[in-house]
Amino acid sequence: MALMAPVKDGQIVETESQKSLKKELTANKNGMDKDAFLQLLVAQMQYQDPLEPTSNTEFISQYAQFSQVEQMQNLAATSELARATSLVGDYVYVKTVGSNGDPKYIYGKVDYVAFENNKAYVSIDESLYSIDDVDTVVDLEYKDAYDKAYDFTARLNKLPNVTRVDLSNAEEIDELEKIYNEMTDYEKSFIASDTVKKLNSYIERIKEVRAAAEEADKKDETEDSGDAGEDTGGDETEGADKA
């Protein structure tokens with residue numbers, strides 16, 4: 001598996017995918033696998049004391065240990081491949097480390113699984129990540145409901161204090177009320193009760209603001225009609241005096 005990294009300003013920049021693969025390769029290199037065990041066994045046979053050779057019983061015992069190690073590794077690899085294969089089509093979070101050393105999460109759909117050197121790798125957006133770095137498996141309906149609730153709450157919190165609401169906020173409040181009313185019961189379960197109370201307070205407040213605005217408009221219309229009547233009466237009196 002080749003590790004290729006982009007170059008920026010003359011410096012090699014590792015992506016999150018490459019960091020995940022490099023970490024896995026380093027772990028495999030530092031670990032004791034069946035090949036290393038077999039090399040130790042061969043070296044022991046090659047450099048044993050000819051005057052006190054290792055007995056056949058000891059060789060058989062060591063070979064049996066080697067077989068156990070091999071079977072355990074094969075079983076672990078099979079289990080890992082099965083676990084990775086079961087994630088195909090699922091949406092997951094992969095935990096990596098950013099350039100500043102802080103944890104960073106990659107979210108996406110597992111398109112396929114690659115299996116090399118007894119290790120499984122999941123592909124997300126054509127980038128490979130170690131199965132060991134998969135942090136969370138997320139149901140898509142859950143993710144959509146969570147994101148919808150998060151965006152809804154963020155928009156609601158951007159509104160001014162309820163006491164400062166005016167007609168300029170009416171369109172946004174109407175839109176938030178519509179979004180909430182169109183949510184399913186499952187999606188509404190992601191909205192905190194305090195957030196619902198806050199929404200209702202905005203709805204009631206904008207009704208009061210609109211009612212006050214309508215009352216003011218009616219008052220202005222009445223005053224305008226009265227002024228027009230007074231002007232007309234004045235003209236008629238002036239005409240009568242002239243007659």
Only distances under 3.5 Å count here; give the side-chain donor-acceptor pairs of residues 174-182 to other protein atoms, sequence neighbours excluded, each with its distance to 0.1 Å.
unit_1: Asp174; atom_1: OD1; unit_2: Arg210; atom_2: NH1; d: 3.4
unit_1: Asp174; atom_1: OD2; unit_2: Arg210; atom_2: NH2; d: 2.6
unit_1: Asn181; atom_1: ND2; unit_2: Glu177; atom_2: O; d: 3.1

Working for side chain to side chain contact (heavy atoms under 4.5 Å, CB included), residues Val92 and Tyr107: CA-CA 6 Å; Val92 301; Tyr107 172 77; over 6 Å; no
Counterpart residues, side-chain hydrogen bond (donor to acceptor under 3.5 Å, both in side chains), relative to Thr184 (two or more places apart):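 If we apply the side-chain hydrogen bond (donor to acceptor under 3.5 Å, both in side chains) test to Thr184, skipping adjacent residues, there are no hits.
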Listed partners of Asp217 passing side-chain hydrogen bond (donor to acceptor under 3.5 Å, both in side chains), at least two apart: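 Residues passing side-chain hydrogen bond (donor to acceptor under 3.5 Å, both in side chains) with Asp217: none at all.
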Trace of the side chain to side chain contact (heavy atoms under 4.5 Å, CB included) decision for Tyr129 with Ile124: CA-CA 8 Å; Tyr129 301 91; Ile124 300 175; 4.0 Å; yes
Partners of [X] by salt bridge (Lys or Arg N to Asp or Glu O under 4.0 Å), sequence neighbours excluded?
X      : answer
Glu204 : Lys207
Asp147 : Lys143
Glu208 : Arg205

Identify all side-chain donor-acceptor contacts of residues 188-200 below 3.5 Å with residues at least two apart in sequence or on another chain.
unit_1: Ser189; atom_1: OG; unit_2: Tyr186; atom_2: O; d: 2.4
unit_1: Lys198; atom_1: NZ; unit_2: Asn157; atom_2: OD1; d: 2.9
unit_1: Asn200; atom_1: ND2; unit_2: Val196; atom_2: O; d: 3.3

Who are the side chain to side chain contact (heavy atoms under 4.5 Å, CB included) partners of [X], not counting sequence neighbours?
X      : result
Asp166 : Ser168, Asn169
Lys109 : Tyr91, Asp111
Asp125 : none
Asp144 : Leu140

Exceeds 12 heavy-atom contacts within 6.0 angstrom, atom OH of Tyr146: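 No, the 6.0 Å shell around OH holds no more than 12 heavy atoms from other groups.
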How long is the straight-line distance from [atom2] of [Y] back to [atom1] of [X], given to the nearest 0.5 Å?
X      : Y      : atom1 : atom2 : value
Leu87  : Ile131 : CG    : CD1   : 5.0 Å
Arg155 : Glu172 : CZ    : CD    : 4.0 Å
Phe152 : Leu156 : CZ    : CG    : 5.5 Å

Tyr202 vs Val165 side-chain heavy atoms within contact, under 4.5 Å: yes
Side-chain heavy-atom pair Lys104, Thr96 within 4.5 angstrom cut-off: yes
Pairing residues for Tyr112 by the ring-ring contact (aromatic ring centres under 6.0 Å, His included) criterion, not counting sequence neighbours: none
Side chain to side chain contact (heavy atoms under 4.5 Å, CB included) assessment of Leu128 paired with Val122: CA-CA 5 Å; Leu128 293 178; Val122 296; over 6 Å; no
Leu167-Val162 co-clustered via ILVMFWY side chain contacts under 4.5 Å: yes
Common cluster, Tyr105/Val94, ILVMFWY with side-chain heavy-atom separation under 4.5 Å: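 No; tracing contacts between hydrophobic side chains, which count when under 4.5 Å, never links both residues.
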